[in-house]
Amino acid sequence: MGYLSKVQLIERANNTRQFYLICPAPLAEALELEKGEPIEWVIEDRHTLIVKRINKVPAKTRRNDHAR
C-alpha cells in the first residue's frame with residue numbers, strides 16, 4: 001500500500017525557497033521514525049528518491065541503561 005503526499009513550498013522574504021515533503025504518520029510509525037532523527041535523501045534517478053536512516057539507535061537502548 002502506498003501513501004500519497006504533496007510537496008509544499010515556502011517562499012521567504014529574502015528570496016530563499018524551501019521545499020517540504022511530508023511523511024504520513026502511518027508510514028513514519030511503521031518505520032519507527034523519531035522527531036529530530038537525521039535522514040539522508042539520495043537521488044537514484046529522476047523518478048526515484050531514497051530516504052536513508054543515519055545511525056539509528058534503538059529507542060530502548062539509552063546511555064544510562066548500561067550503567068544499571
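Starting from 1, each residue takes its place in the sequence as its number.
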Mind checking whether [X] and [Y] sit in one hydrophobic cluster, side chains of I, L, V, M, F, W, Y counted as touching below 4.5 Å?
| X | Y | result |
| --- | --- | --- |
| Ile22 | Leu27 | no |
| Tyr20 | Ile43 | no |
| Phe19 | Ile39 | yes |
| Ile54 | Leu49 | no |
| Tyr3 | Val51 | no |

Can any side-chain N or O of Arg53 pair as donor or acceptor with the backbone N or O of Pro38 at less than 3.5 Å?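 Not confirmed, Arg53 side chain does not pair with Pro38 backbone.
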
For Glu34, is there any backbone N or O sitting under 3.5 Å from a side-chain donor or acceptor partner on Glu37? yes

Audit row: Leu21, Ser5, side chain to side chain contact (heavy atoms under 4.5 Å, CB included) steps and yes/no: CA-CA 7 Å; Leu21 302 172; Ser5 185; 5.8 Å; no

Would you say Ile10 has more than 12 foreign heavy atoms packed within less than 6.0 Å of its CD1? yes

Has Asn15 got more than 12 heavy atoms of other residues, nucleotides or ligands less than 6.0 Å from its CG? no

With the side chain counted from C-beta on, respond yes when Arg12 and Gln18 share a heavy-atom pair under 4.5 Å apart, and no when they do not. yes

Heavy atoms only: give me the nearest Leu4-Pro24 pair and the separation to one decimal. O-CG, 4.1 Å

